[in-house]
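Notes for the one structure printed next.
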Amino acid sequence: MTVFGTRPEAIKMVPLVLALQNDDRFQAITVVTGQHREMLDQVLEIFDVKPDHDLDIMHQNQTLTDITALILEKLDQVLKEEQPDIVLVHGDTTTTFATSLSAFYNQIPIGHVEAGLRTWNRYSPFPEEMNRQMTDVLSTLYFAPTPQSKANLLKENRPEKDIFITGNTAIDTLMDTIKKPYQLDCLANVKPEHKMILVTMHRRENLGAAMEEVFQALLEVVQEKDDVEIVYPMHLNPKVREVARKILGNHPRVHLIEPLDVTGFHHLLNESYFIMTDSGGIQEEAPSLGKPVLVLRDTTERPEGIAAQTLKLVGTQSANVKKTMLTLLEDQELYQTMSQASNPYGDGHASQRILDDIAYYFDQTLSRPADFEI
Ligand code: UD1
Ligand code: UDP
């Protein structure tokens with residue numbers, strides 16, 4: 001049984017769901033919590049995934065307690081009814097943690113996809129760092145995307161035999177979407193000779209003052225540089241949209257648009273000059289496409305992209321964000337260094353490895369499948 005609830009989980013679980021459905025070794029049950037509604041449905045629709053159960057929990061301005069309590073209450077019955085042999089969760093959302101807790105209460109093994117990412121700072125990102133740590137305490141099998149994430153799990157004394165290095169399923173999806181033709185209507189008013197900076201921002205710890213600081217820096221840069229355009233597909237969280245519209249809503253070279261489906265968004269990433277984001281998933285996708293990323297956070301659980309020199313941590317203070325943007329716009333050598341394409345996060349075969357690892361766990365194959373190597 002796969003259980004997921006938000007846009008990024010869906011994007012990274014869909015290749016696994018499709019692979020499970022097409023493999024005779026498994027009977028696949030797909031459950032969505034609906035922690036996100038429209039942004040989840042957008043992903044399900046383009047990959048034509050129809051969940052067997054939809055807990056439909058989302059409401060406006062939901063709190064962490066709301067999400068956790070509703071999932072615990074509603075998932076228990078589904079687990080009792082379906083009695084899966086294993087529950088697969090992804091990443092670090094509150095869906096991930098609450099699902100793991102519910103599976104544990106039902107004594108069902110848990111497989112954690114994208115296990116072992118760490119900042120070691122419990123409030124950054126909040127609540128994701130503790131969601132993934134608590135999920136890893138509860139898990140039975142660990143699908144670590146990289147050798148670094150496996151090393152983090154070993155530091156926490158997770159048994160080595162239960163850890164498999166698989167690559168990140170985000171790259172499975174990206175390799176599929178980027179091949180499909182896509183017409184980017186959202187660029188109709190963006191001059192092709194201009195430098196297009198793609199922005200996303202949504203993290204709970206950045207809501208409010210930090211977001212205002214970053215948006216102010218974006219506005220100042222676009223006011224100073226007349227060959228720069230900003231495209232910002234806004235998260236549906238009203239707290240994000242309100243600040244974005246207040247600060248960025250009135251400049252002709254700032255384009256506030258609705259969230260794109262993932263195929264469109266990957267093509268937009270590919271068209272950008274560089275990316276500014278506090279997203280986790282985008283930090284994994286950008287190195288594959290050779291796009292520099294300024295990470296709007298003080299910490300990252302994705303050090304592989306920093307080592308590959310594609311990612312740079314810039315925090316959220318206005319002056320620093322503005323200075324770094326101007327440097328990346330003007331310094332060609334830095335831009336070239338940050339634009340080297342690399343694949344530290346995967347090779348497009350993570351889902352297949354995870355299936356083989358699960359079959360091995362259930363004694364369907366005798367030899368342990370090979371790990372992903374960078
Ligand atoms: C959640 C995850 C975060 C992940 C992010 C991906 C938690 C605690 N947070 O944060 O780890 O990075 O998803 O985007 O699990 N909304 C809609 N429609 C949607 C989606 C959201 O209207 O399709 C609005 C609702 O008002 C909702 C609010 O956004 O209450 C916040 O959604 P929520 O899932 O609580 O938090 P995110 O910031 O999206
Ligand atoms: N994404 C998308 N449409 C958008 C913005 C992002 O499909 O308008 C995709 C993006 O390619 C990545 C994922 O959503 O795969 C990241 O989701 P988000 O930033 O919401 O969450 P995070 O990765 O921070 O948990």
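This is a predicted model, so every value here is computed, not measured. All residue numbers in this chain count up from 1 along the given sequence. Below, each value reflects all heavy atoms present in this structure, side chains not excepted, and no hydrogens, waters or symmetry copies. In each ligand, atom 1 is the first atom listed, and ligand 1 is the first ligand listed.
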Looking only at protein heavy atoms, which one is nearest to [atom], and what is the separation?
atom: atom 35 (O) of ligand 1; value: Arg204 NH2, 2.7 Å
atom: atom 39 (O) of ligand 1; value: His36 NE2, 2.6 Å
atom: atom 16 (C) of ligand 2; value: Ser279 OG, 3.6 Å
atom: atom 7 (O) of ligand 2; value: Val262 CA, 3.3 Å
atom: atom 23 (O) of ligand 1; value: Met39 N, 2.8 Å
atom: atom 25 (O) of ligand 2; value: Pro8 CG, 3.3 Å
atom: atom 8 (C) of ligand 1; value: Thr94 OG1, 3.2 Å
atom: atom 9 (C) of ligand 2; value: Ile11 CD1, 3.5 Å
atom: atom 5 (C) of ligand 1; value: His202 CE1, 3.5 Å
atom: atom 15 (O) of ligand 2; value: Glu285 OE2, 2.5 Å
atom: atom 23 (O) of ligand 2; value: Gly281 N, 2.7 Å

Counting distance only, does the side-chain N/O of Asp162 pair as donor-acceptor with the main-chain N or O of Arg158 below 3.5 Å?
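It does not hold such a pair.
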Within a distance under 4.0 Å of any heavy atom of [X], pick out the atoms of ligand 1 and give their elements.
X: Arg203; value: 3 (C), 11 (O), 12 (O)
X: Arg37; value: 19 (C), 23 (O)
X: Ile67; value: 35 (O)
X: Pro238; value: 26 (O)
X: Thr93; value: 11 (O), 15 (O)
X: Asn61; value: 26 (O), 30 (O)
X: Gln60; value: 22 (O), 25 (C), 26 (O), 30 (O)
X: Pro127; value: 8 (C)

Closest candidate by heavy atom, reference [atom], pool [options]:
atom: atom 4 (C) of ligand 2; options: His202, Met39, Arg7; result: Arg7
atom: atom 17 (C) of ligand 1; options: Gln35, Arg7, His235, Met58; result: Met58
atom: atom 2 (C) of ligand 2; options: Leu174, Thr277, Leu260, Ile282; result: Leu260

Tell me whether His59 has any N or O atom under 3.5 angstrom from an N or O of ligand 1.
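Looking only at distances, the answer is yes, because the N/O contact criterion of under 3.5 Å is met.
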With only distance considered, is Gln62 within less than 3.5 Å of ligand 1 through an N or O on each side?
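By distance alone, the answer is yes.
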Less than 3.5 Å between some nitrogen or oxygen of Gly280 and one of ligand 2, yes or no?
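Gly280 vs ligand 2: N/O contact under 3.5 Å present.
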Any Arg203 heavy atom less than 4.0 Å from ligand 2
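So Arg203 counts as touching ligand 2.
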May I ask you to say whether Arg353 pairs ionically with Asp347, meaning some side-chain N is under 4.0 Å from a carboxylate O?
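Salt bridge between Arg353 and Asp347, a charged N being under 4.0 Å from a carboxylate O: yes.
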Got a salt bridge between Arg132 and Asp136, using NZ or NE/NH1/NH2 to carboxylate O under 4.0 Å?
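Answer for the salt bridge query: no.
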Region of Glu128 that comes within reach of ligand 2 [heavy atoms, distance under 4.0 Å]:
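None of Glu128 does.
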Honestly, is Arg245 close enough over Phe215, meaning NZ or CZ under 6.0 Å from the six-membered ring centre and within 45° of the axis?
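No, Arg245 does not sit over the ring of Phe215.
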